Structure formats: C-alpha cells, structure tokens
4 protein chains.
Amino acid sequence: MAPKVSQQHVEARRKQILDAAFACFAREGFHQTTMQEICREAGLSPGAVYSYFNSKEEIIEASCQESQRDLPLFEGTADKLDTLGVFMGLADLSFGRLAEAEAEIAIPVHVQLWSEALRNPRIKETLRLRGENMRKALEGLVVGAQQRGQINPALSAQAVVQVMIGMWHGLVLEKALDQNVDVSSYTDVVKALIGGAFWQTDGGEV
Amino acid sequence: MAPKVSQQHVEARRKQILDAAFACFAREGFHQTTMQEICREAGLSPGAVYSYFNSKEEIIEASCQESQRDLPLFEGTADKLDTLGVFMGLADLSFGRLAEAEAEIAIPVHVQLWSEALRNPRIKETLRLRGENMRKALEGLVVGAQQRGQINPALSAQAVVQVMIGMWHGLVLEKALDQNVDVSSYTDVVKALIGGAFWQTDGGEV
Amino acid sequence: MAPKVSQQHVEARRKQILDAAFACFAREGFHQTTMQEICREAGLSPGAVYSYFNSKEEIIEASCQESQRDLPLFEGTADKLDTLGVFMGLADLSFGRLAEAEAEIAIPVHVQLWSEALRNPRIKETLRLRGENMRKALEGLVVGAQQRGQINPALSAQAVVQVMIGMWHGLVLEKALDQNVDVSSYTDVVKALIGGAFWQTDGGEV
Amino acid sequence: MAPKVSQQHVEARRKQILDAAFACFAREGFHQTTMQEICREAGLSPGAVYSYFNSKEEIIEASCQESQRDLPLFEGTADKLDTLGVFMGLADLSFGRLAEAEAEIAIPVHVQLWSEALRNPRIKETLRLRGENMRKALEGLVVGAQQRGQINPALSAQAVVQVMIGMWHGLVLEKALDQNVDVSSYTDVVKALIGGAFWQTDGGEV
DNA sequence: GATGAATGAGGATTCATTCAT
DNA sequence: AATGAATGAATCCTCATTCAT
C-alpha cells in the first residue's frame, strides 16, 4: 500500500519536527524560538518543515497535544475499595514522572503552554481535554469514596479533584523554576496530607 | 527642591506606564503586546515611555515586582500557638484574594511570569524573592508546629511549605484558565486537608 | 493647526512613496519590484513606508488611483454643437498626452494595471471608475450628436464610446510596447476615421 | 523508430502542460500561479514538468507562442479589389472570435502577456512577431487601396494598420475587464467608422 | 521517464528602539 | 520632558527548482 509508506513517513517527519521544536521550546521558549532554529534542530529546511505544519502556531499547538499520552492507568480503578491506597499509588506514579529525564523538556514546555492557553483558545481547549479524562477518573474515585463514607461527603468532589490537580501543577511549576526541588519529599507531604498523617493525631492542642 | 518633585513625577509616570502595561499584558500576553499598545494605553509617546524604562524587558521585569505588596501579614505570627487556626486564616485570606476584582488582571500576568522566569534569570530571581518572605514565615510556622508535636516531624518543613504554595499556585492557574472556578469550594478542601477532616475518622475501611 | 502640518506631511510622504513605486513599477513591473527597492528609491526605511501604506498591494492600488487627474476638460462640452470639432480636439489632446515625458512612466504602469485588474476587484473597480467620467461625458456628446442627426443613430452610443476608448487603449498599448510609435500619425488616422476622410469620397469603386 | 514516438510524446506532454498552465494563468494570473498549481492541473509531478520546460518563465513564453495560430486567412487577400468588403469581413471574423468560448481563457492570458512583454524581451519579440504577419497583410491591403485611391493616401499606411489593431486590442481589453461587453455592437461601430457610415452624410452641420 | 520530498534564497512585514525637533 | 516619525534587523513564510529513488 503506497499511502501506508507515505503515511508512516509523514508521521516520522512530524515527530522529528515536534521533537526538535520541543527541544527548542524548552530551551528558549515559544516566542524566542525562531523557525530557523527549529529547522536547524530538526535538520530540515524551512520548506520541508512547512510542508508538515502550516505555521509556527500549528507547531506550538501540536506540541500541546503531544504530551497527551498521560494516564490511561486510571481505567477500572474507580471501583477499587482501597481508595487511599489508590491515591497513594497515583501520587507516587504521577509525581514520580516529574523526576524522569524526559520531564526536563516536557515541564518547561508545559508551563509555557499555560501562558499560551490564555490567548489561544485552541490550546486552552486542548489543555482542558487533556485533563478531562484524568479529572473524570479521579472524580469517580472521590465520589465512590464519599459514598462509602471514606471521604468527607460535605466536600465538593469536583473541588477535591481540583485541589489534587492543583498540587500536581504546583509541583510541575516548582520543578520548572527549580530543577533541584525534592520531588519525593513533596510527594511524602502530599501523601501525608491525603492520608491524614499530616497532623499528629496524638499531638498538641490541634 | 526640584529633585523631590521630579522624584514624585518619575514615580507617578512609572506607575502610569506599569498600569497600562499590566492591562495590555493581561489582555494580550507579553509577546503579543507591542510597545505601541502600551504607549497608547498609557497615553504617552514611545519616547516618553523609553525615558522611564530602558526596554520592554525592563517593563516586564518591573511588572513582576509590582505584585510584591503581598503578605506582610505573616509578621509576628510564627510564634502563635494555634497553628491550625493560623493556617486556616491564611488560606481564607490568600485564596480569598483570588476572588477579588483586581485579581482578574494580576492572575494572567502572574501565569505568564512563570513562563518568562524560565528564560529570564532576573524574573526568576524576582519571583523567588517574592515568595521568599512567605516561604520563610510559613516554614517558621511549620517548624514551630513540628517542635510542638503538632505537625508530623518526619516531614520536611520545606516540602510542607512547597505543597502549601503548590496548592496556591494550582488554584491561581486554574483560575487563570477558567474564571468560573469555585474558589471557596477549593478553599474548603484545602482547609479540610490541612485540618484532617478530609478523611472521615470514623469512616469506612480506610 | 498641528494636524494640518501632519496632514501635509502625510500627503507629501505618500506622494514620495508613490512616486518611487511608480518609477520601480514602470522599470520592473509590480511583481518584480520588491518593497526594498521601493524603499531604496523613496529613500525611506521599510518601517517608514509601512506606516503610510499597509501593504504592497495597497501601494499598487494607490498607484491605480494616482493617474486619476485626467480629463476634467469635458465639462460643459456636451452641448457643443460642433461635435466633430470637439472630438478632434479631444483626440489631439488625449493622444498628445502620450507623447509627453511623464507618460513614459505612466504608460507601462497603466498596462500592468490592466493585468492586475483581472485578479484584484479593487483595482478593477478603480479602473472602471476612472473611465466612468470620461465615458459618461463622451456618451453625452455622442447622444447629442445622434439627436442632431450628426452621428448615425443606428449605432449604440455606448459602443461608439467603447470604440473611441478602445482606440485610445490600443495606442497606449502600442506605445508601451514600442516607444517609437508615431503618435501623431496615429492621431491623424483616428481623426480621419472619425471625420470621414478615411475613404476617399470621390475615390475608386468603394 | 524510438525518436519518432518520443517526439510525439514530448509534444503531447508539452501541450498537456501548456493547456494546464493556460487554465491557471487565466484564472490566477502569471504571478499568482505557482508551479504546484500547474502541476496539479496538468496531473504531473514537478519533476515531469521540469523535464519539458526549463523554468516557469519558459512556460509563460511558450504560452505566448501558443495563440500563434491566428490569421492565416489573410493569405492572398492583399490583391482583392473590394477592400472595404475585405475589411468588413476581417472585422466580423476577428471580433467574432472574441465571442467564442475559448476566448474566455485566451483573452485574460493575452492581456497579461502585454504586461510581461514590458519586462521580458523574448515575450515582447514573440508578441511582435505574432502581429507581424497580420500587420504586413493589412498594410498590403491598405497600400493597395491607397494606390487605387480608395483610402486617403495622405495617411500613413502603417498608422492605419496600427489604428485597426488598436481597435482590436481595445476590444480585447474591454472584454477582459468586462465579460458582458457587446462585441457585435462594437463591431458595428468599427465597421461604420471604416465604411464611412459613422457620420450622417446628409446630417446636420458636420 | 516520472516522482515528490526537500531545498534555500528571497520577499513581505513587524516592532523594539532612537533621535531630531 | 515629550513627541512620534523613522529606523532596520529580524522573522515568518513561499515557491521555483533539484535530485535521489
């Protein structure tokens, strides 16, 4: 099948360009990065790049969708009874990601996408969609836990999820601004908060 | 004294320019905003603007320091014994800020500064300094609480503070991307987490 | 009046740019002329040029309107009884124009505008409007002459005017392609045709 | 014989390309038409097109020669005695052409060639040659008529021909800019002018 | 012969910054 | 001190042309 080869080729080239763009974006930022730089990094001419993407804007938008492949791990966990255990696992897993090597590029790009989303509705939407699955899955967990009387039912499940994601974004940001942030300590605190071991139950006058 | 008047004049003009820049930045973003737009918004000529700031970069940097006047409120709280109460008050206060009208401009600018900080060491430093006082004050509170056995001493005080600020930043971001975020529900969850009322103590098999 | 000065300045600059553009267009054609060349010819920087015209396209369009100041001479001639005399005068006058020095630039630009008009509705419209006055005035003359029985009333007045303008355009074109065209001989023939002295009335077996 | 077949093949391909180019040129103009568009229209790859023409310029030039097959009709007419009748016939014939369907493509291309000729000596020459035969034939007719005392001998035969061609070009242009031009009315006027029936011989005070 | 991906010089346009008035 | 016209380097993008397959 002729188109198959072409299709693969197109995908390969697009990936090649996006990888190059990612590297540049992480290094220089979207707006400081010139197309020439992306071309150089990708080892392609401007003409070649422009036959796979119609504009720099489109490359930025594609960069946004790139980090899509996140957490299909939530599948089927909503009915788990050991909610706390699930949360702990998730915390370890997702926060652990930030310590991985590839995160060094993904994180700064991610932070910049927040800025872009403020002006570019397409990016905002992509970002929203990206989080939607995770949000939905978490909300299922929370609601289940509330029904089982595990989590305080007075709290808005949506807000609970927002806070969780907030803690995640907070760490992403802190890691972006300071590579040396101690992810595992941060994770410990998050787990302690969630698990209720933050305050000493037998402690002082709390 | 001539210089005195001039000094006031200079300050007034700088504020005029920064206010205009803020408005533009919030509306369009740093990089979409042209100097012409800032000039128009400020009602000044480019020449005039450039006699108060040496570059657009400098205006962005100054925008960063602008939001400085944050939290002198922590002063003298470090020794308070009712740590939990202090935290709760802080949460109400700082999160409440985000619901205020002026936040509508400050929030998007803030989010953009995160991006800028990735490339501009001066902004990164300013941002760091900005948080430093708060961080120090909070750390004092946490350490004190740990010494009094209120907060789990196994946790890194620094990490505890990071998580707290993380939750704050997470909300800032969420508010930036979605004006309709329910700040008070979010605050409730944060307070519940901190206060230990997140998980039902008498609840299920947690 | 401050704006007055500015207004004059703007007009002067626009003329300066249009003159430069004209020269370039006549020499190189619209599409072979680069903005850089126009800038060089005008002695201005690209930025300056772009503060008076929004695009190259706009300069081309303005070039089209430039040659507007054509023949207000028709005013009040429509009622003249000596129609033939009027036509002869017009022929001398308008064809004579083509022999003038400034026509050397105007003619090639004009020919190119015909091509542009095929793709650019704005130029087509401007070109149409440009001819409208002349056409109207001529049509008045023709109709008057037909009513007086001077011109064959079986002919479409509109078509008569079209043929007249056609002869004019034909000469413009021929002059564009060959500077050495003998305008006055051409004029003689046109006058002979119009005046009926083309065919020998006493001649052969015509 | 291989070369023979090849020869035919080459001609077929060239025609295929020129037809495609014509269609594009008529639709978009020389400079708005990209080679890609010509390739698409021709159903060929760029590489294929470039093996039949060395450049876009060459295709434009070839387009110019394409409309060559014009007026072999003049052959042997120069000695005809009924000059007026011949002219009338020519007018009907040539102007009639403009009403034909294929003229819809040929006319706009023709008008554009006038512009191209201003810059491209090869096109100018081709255009000149194209008209040369016709001019020569017409000039023969005119000179003959002058010798027989049919046409005013005081007129330059060359100029007479120029005016005739001018009227033709004028109509071509008018048709290019306005499809709805009434060709037959125009033709009537031209014939009336030539035939002397323009001005009423018994009319007013002319 | 044909393909079409790749090339890369070149062009239109922008915008931070300057400086004569 | 203020103006705002002018600057011009830098940027995004196009498209005629080539060449490995």
Side-chain angles (χ1 to χ4, degrees), chain A residues 2 5-6 9-10 12-13 31-40 42-59, chain B residues 2 5-6 9-10 13 31-40 42-60, chain C residues 2 5-6 9-10 12-13 31-40 42-59, chain D residues 2 5-6 9-10 13 31-40 42-60:
Chain A
V5 175
S6 187
H9 183 248
V10 165
R13 275 279 182 273
H31 299 285
Q32 272 61 51
T33 297
T34 69
M35 287 303 283
Q36 284 300 337
E37 283 165 344
I38 296 178
C39 295
R40 203 177 310 127
L44 289 171
S45 63
V49 170
Y50 274 91
S51 70
Y52 295 99
F53 293 96
N54 290 315
S55 65
K56 185 181 171 183
E57 194 70 14
E58 212 173 288
I59 295 182
Chain B
V5 174
S6 186
H9 185 244
V10 165
R13 276 275 185 275
H31 298 286
Q32 271 61 51
T33 297
T34 67
M35 286 302 279
Q36 281 301 332
E37 283 165 342
I38 296 178
C39 294
R40 202 178 311 127
L44 290 171
S45 65
V49 169
Y50 271 89
S51 68
Y52 295 100
F53 293 95
N54 290 314
S55 67
K56 185 181 175 184
E57 195 70 14
E58 213 175 286
I59 294 180
I60 294 176
Chain C
V5 174
S6 186
H9 184 247
V10 165
R13 274 279 183 274
H31 299 285
Q32 272 60 50
T33 297
T34 69
M35 285 304 281
Q36 283 300 337
E37 281 165 345
I38 296 177
C39 294
R40 204 178 309 128
L44 289 170
S45 62
V49 169
Y50 273 90
S51 70
Y52 295 99
F53 294 95
N54 291 315
S55 65
K56 185 181 173 184
E57 193 71 14
E58 213 175 286
I59 295 181
Chain D
V5 174
S6 186
H9 185 245
V10 164
R13 276 277 185 272
H31 299 286
Q32 271 61 51
T33 296
T34 67
M35 286 301 280
Q36 281 302 332
E37 282 165 342
I38 296 178
C39 295
R40 203 177 311 127
L44 290 171
S45 65
V49 169
Y50 271 89
S51 68
Y52 295 100
F53 293 95
N54 290 314
S55 66
K56 184 182 175 183
E57 195 70 14
E58 214 175 286
I59 295 181
I60 295 176

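So you know, we letter chains A, B, ... as the sequences are listed, proteins then strands, and number each from 1. This is a predicted model, so every value here is computed, not measured.
Atoms CD (D:Q32) and C1' (F:dC15) sit 13 Å apart, rounded to a whole Å. At whole-Å resolution of the value, NE2 in D:H31 and C1' in F:dT14 are 16 Å apart.
Of the side-chain N and O atoms in B:R13, one or more sit less than 4.0 angstrom from OP1 or OP2 of F:dA2. The phosphate of F:dG4 has neither OP1 nor OP2 within less than 4.0 Å of any side-chain N or O from B:S45.
D:Q32 and D:E37 get closest at one heavy-atom pair: O-OE1, 3.5 Å. Taking all atoms of both residues into account, the shortest heavy-atom contact from D:P46 to D:C39 is CA-SG, 3.5 Å. Between D:T33 and D:K56, the closest heavy-atom pair is O-NZ, 2.7 Å. Considering every non-hydrogen atom in both B:Y52 and B:E58, the closest pair reads O-OE2, 4.5 Å. Counting all heavy atoms, side chain and backbone alike, C:S51 lies closest to C:A48 at OG-O, 2.8 Å.
The residue among A:V49 and B:Q36 whose nearest nucleotide of DNA chain E lies closer to the 5′ end is A:V49. In terms of position on DNA chain F, the residue among B:G47 and D:Y50 whose nearest nucleotide sits closer to the 5' end is B:G47. Comparing A:G43 and B:N54, the nucleotide of DNA chain E nearest to each residue sits closer to the 5' end for A:G43. If you find the closest nucleotide of DNA chain F to B:S51 and to C:P46, the one lying nearer the 5' end belongs to B:S51.
Atom OG of residue D:S45 and atom CZ of residue D:R40 lie 13.5 Å apart, to the nearest 0.5 angstrom.
Chain C approaches DNA chain E within less than 4.0 angstrom (heavy atoms of the protein), and the contacting nucleotides run 5' to 3' from E:dG11 to E:dC15.
Counting heavy atoms from C-beta outward, A:R13 and A:V10 have side chains that stay 4.5 Å or more apart.
Nucleic acid contact for B:M35: base, since at least one base atom lies under 4.0 Å from a heavy atom of the residue. No engagement by D:F53 is indicated, since no non-hydrogen atom pair under 4.0 Å with the nucleic acid exists.
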Quiz item: In dot-bracket notation, what is the pairing pattern of DNA chain F, taking Watson-Crick (N1-N3 plus N6-O4 or O6-N4) and G-U wobble (N1-O2 and O6-N3) contacts under 3.5 Å, with [ ] crossing and | for other strands?
Solution: .||||||||||||||||||||

